[in-house]
Amino acid sequence: MSGYLIQRLLLMIPTFIGITLIGFLIMRLAPGDPAELRAAGGLGAAAGAGISTEKRGAVDEAMAQWRAQYGLDKPLHVQYWVWLKNLATLSFGESFKDSQSVWAKISERVPVTVTLNVWSLIVVYLVAIPLGVYSATHPNSLGDKVTTLAAFILFAVPLVWAATMAIVFICGGDFYYLFPPGGLESLEFSENWSIWKKFKDHAWHIFLPVVLLSYDGFAGLSRYMRSSMLEVLGQDYVQVARAKGLPERIVILKHVLRNSLIPQVTILASILPGLIGGSVIIETIFSIPGLGQLGFESVLARDYPTVLALFTVSAVLTLIGILLSDLLLAAVDPRIVFGRRQQ
Amino acid sequence: MSALQLRTAGAEEMVVDSGPSGGLWADVWRRFKRNPIALTGFYVVCFLAFAALFADFLANDKPYYLQYGGKTYFPIFRSYLVGAKLGHWPAELLNVDYKKLEGARQIFPPIPYRPSNINLLEPLEPPSAKHWFGTDKLGRDVMAGMIHGSRISLSIGFVAVGIAVVIGIMLGAIAGYFGSWVDLVISRFFEVMLSIPTFFLLITVAALLPPSIFITMAIIGMTSWVGIARFTRNEFLRIRNQDYVTSAIALGVTDRKVMFKHILPNALAPVIVSVVLGIAGAILVESSLSFLGIGVPAELVTWGSILQEASTTTFAWWLAVFPGFAIFITVLAYYLVGEGLREVLDPRLRGLR
């Protein structure tokens, strides 16, 4: 077990270097000099609108100084090495935008995005598994056909459309006001509220974002669940369980369900990166101060250290997700031997 | 491509249920036709391709036919000639508003607007007989924007996936064919691409580079090839050890010829399904990008950019309903075609229905 874990962790190193190298090169080679942008921002319109050569010289000098301060004047490989060394101490440098520590900016927003994504995962599994079980135990019934078709259609609904429709029709536009159009707490929120009231307010705010983040997940997963259930139902040992007179409920819940859950564990790994991507859209639309919104704002502001840090954090989360799901898989399925994973 | 090149698993059945064989693709089409849902999806895709191809004839501020000042013109056709530098506009038609021509007889397309026609007198009009799907903030006709937007959507889907197919098949074929350390290195690269937060990478690159649909196509293509590459690799690994490949190699056929002439045609079936689903994916990603306002130039009307406007002017429900529905139907149609093809092409699923 520990040998396998070490082997997997070692294999993650080249993957990690590959990911960060790609991210790093994109940030550094993209056109548009951050120093130029910063100078334009800092000096206002003066930088662009025909300033004297004398002043231009001063601006250039300030830019050079700023580049040196952030190490942007060194060759690329040196910059990458410095970035990696800083990473070892969990330092992502300072934001170009407001000179705050990038790590502080990110850790402040992690809880928001994690809360949203954990709730979405819970919703995904809570909806998908019963639906899948129902479909598989009533194959080709009307109910099965309807759920399968509904899941298929739901899977094709674009997130941006679903979110926009929600904003337009049920978030207090000209139609209905069932949910708040954005944010995480009401304007009149106060610390004096009872815990129950705070919880209700919070739930009211995150309900729509969570539903929107999870619907394509449960649509997809319920289809997987159905087919993996059907596969297990066809196995001999299920016949045996029935033949020895076990009630159907026990056969389904104890013998079939458990085994058909095994493949769903691996899907956890493929859902994680999707959830992070989805957060960008949802957090931007509902103005939720999470990692996705921070990422989008930093990209627009060309705040390279922050973008690169977020890129790294979500890649690491994805790698951990893959590793975790492999370990979980081995934990729930004794047939899987560590180190001999089948492709 | 002959029936002999079918994979072994499907070959027996081929003999049973096909009469005179027209080859794999004729067989695929015959089976595909039997699935009415998938066929509906296929017709929707054809309809969208038609709308994209003939967008200029469906929504245009120029008439098909114009009789003016004793002369007859065909302005839409002429615009193609002018575009190809084969002709020029007569002086009396240069930059005119055709709808205001005095005493002219003309026939307009069903939607007599182009998406670029700004009319500040009619901002945010709800759907009416004049503007079927209403107008946006600048008074542009939404229906015209959607018809011309289908061009962007479909071309991004096809070009992006085309790029992904080329990269994916090349890398997958090399990894699967040569195996050993080549496979190890390339598979590591696949893992890197799989663990990269793709959507975040996309918005980063799209926002850093100047807005252009060609760049958007390229970056969507360059980030979406991993699935195709892995399918290709696995198929190549499987087929590589079959006797006919071994004998081809023993006969001294070059590696390149074995890979692309002998193995690739047999490895294509599972790849094709992921290609069709990939088109839907690329269309979804493009709409999300233009919804966020990055990737495509601001003045270009796309399905995603109309949706974005709806999220800020929330009373204008027509800006949300129609373009979003267009994206949804397009994606659904490709999914249906993909699922239909999967059933037809995957021998393990044959006979299950």
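Just so we're on the same page: letters track the sequence lines, and every chain starts at 1.
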Inset, instruction - Among A:L319, A:I285, A:I17, A:I153, single out the residue with the greatest number of heavy-atom pairs under 4.5 Å to chain B. - result: A:I153
Inset, instruction - For chain A, find which of B:L202, B:V321, B:V331 contributes the most heavy-atom pairs closer than 4.5 angstrom. - result: B:V321
Inset, instruction - Calculate, to the nearest 0.5 Å, the distance between atoms CD1 and OG belonging to A:I281 and B:S287 respectively. - result: 8.0 Å
Inset, instruction - Take A:V299 and B:I294, measure what side-chain contact (heavy atoms from CB on, under 4.5 Å) needs, and give me the verdict at the end. - result: CA-CA 10 Å; A:V299 162; B:I294 48 184; 5.5 Å; no
Inset, instruction - Over all heavy atoms of both residues, which pair between B:A320 and A:T164 is shortest? Give the atoms and the distance, please. - result: CB-CG2, 3.9 Å
Inset, instruction - Apply side-chain contact (heavy atoms from CB on, under 4.5 Å) to the pair B:Q308 and A:V160, showing each step before the final yes or no. - result: CA-CA 8 Å; B:Q308 182 198 26; A:V160 282; over 6 Å; no
Legend entry - Largest heavy-atom contact set with chain A, pairs under 4.5 Å, which of B:F325, B:F315, B:F189: B:F325
Inset, instruction - Pick one of side chain, backbone, both or neither for B:L336, based on which atoms fall under 4.5 Å of a heavy atom in chain A. - result: both
Inset, instruction - Heavy-atom distances under 4.5 Å only: say whether B:L307 touches chain A with side chain, backbone, both or neither. - result: both
Legend entry - Side chain / backbone / both / neither for B:E339 at chain A, heavy atoms under 4.5 Å: side chain
Inset, instruction - Please name the pair of heavy atoms, one in B:L201 and one in A:I26, separated by the smallest distance, quoted to 0.1 Å. - result: CD1-CD1, 3.3 Å
Inset, instruction - Pick one of side chain, backbone, both or neither for A:F175, based on which atoms fall under 4.5 Å of a heavy atom in chain B. - result: side chain
Inset, instruction - Give, as side chain, backbone, both or neither, the part of A:T284 having an atom under 4.5 angstrom from any heavy atom of chain B. - result: side chain
Inset, instruction - Kindly give the heavy-atom pair with the smallest separation between B:A207 and A:R302, and that separation in Å. - result: O-NH2, 3.5 Å
Legend entry - Side chains of A:L21 and B:V192 in contact at under 4.5 Å (non-hydrogen atoms): no
Inset, instruction - Can you establish whether the number of heavy atoms outside A:E231 located under 6.0 Å from its atom CD is more than 12? - result: no
Legend entry - Between A:F169, A:F152, A:F155, the one whose heavy-atom pairs under 4.5 Å with chain B are most numerous: A:F152
Legend entry - A:W161 and its ring-ring contact (aromatic ring centres under 6.0 Å, His included) partner, picked from B:F322, B:F328, B:F291, B:W303: B:F328
Inset, instruction - Run through B:T330, B:V285, B:L284 and flag the one making a side-chain contact (heavy atoms from CB on, under 4.5 Å) with A:P158. - result: B:L284
Inset, instruction - Let me see the working for A:V168 and B:L319 under side-chain contact (heavy atoms from CB on, under 4.5 Å), right down to the final yes or no. - result: CA-CA 10 Å; A:V168 168; B:L319 295 178; over 6 Å; no
Legend entry - When A:L300, A:V307, A:N140 are compared by non-hydrogen pairs under 4.5 Å with chain B, the top option: A:V307
Legend entry - A:I19 versus chain B, the contacting section by heavy-atom distance below 4.5 Å: both
Legend entry - Structural part of A:F16 lying under 4.5 Å from a heavy atom of chain B: neither
Legend entry - Neighbour count >12 (heavy atoms, 6.0 Å) for atom OH, A:Y80: yes
Legend entry - Toward chain B, the part of A:L11 with a non-hydrogen atom under 4.5 Å: both
Legend entry - Nearest-0.5 Å distance that lies between atom CE in A:M27 and atom OG1 in B:T204: 5.0 Å
Legend entry - Which portion of A:I167 sits near chain B, non-hydrogen atoms under 4.5 angstrom: both
Legend entry - B:F133 atom CZ, over 12 foreign heavy atoms within 6.0 Å: yes
Legend entry - B:Y334 portion near chain A, given a 4.5 angstrom heavy-atom threshold: neither
Legend entry - Top of B:L292, B:I327, B:V205, B:I203 for chain A proximity - count of heavy-atom pairs under 4.5 angstrom: B:L292
Inset, instruction - Check whether A:L310 gets within reach of chain B through its side chain, its backbone, both or neither, counting any heavy atom under 4.5 Å. - result: both
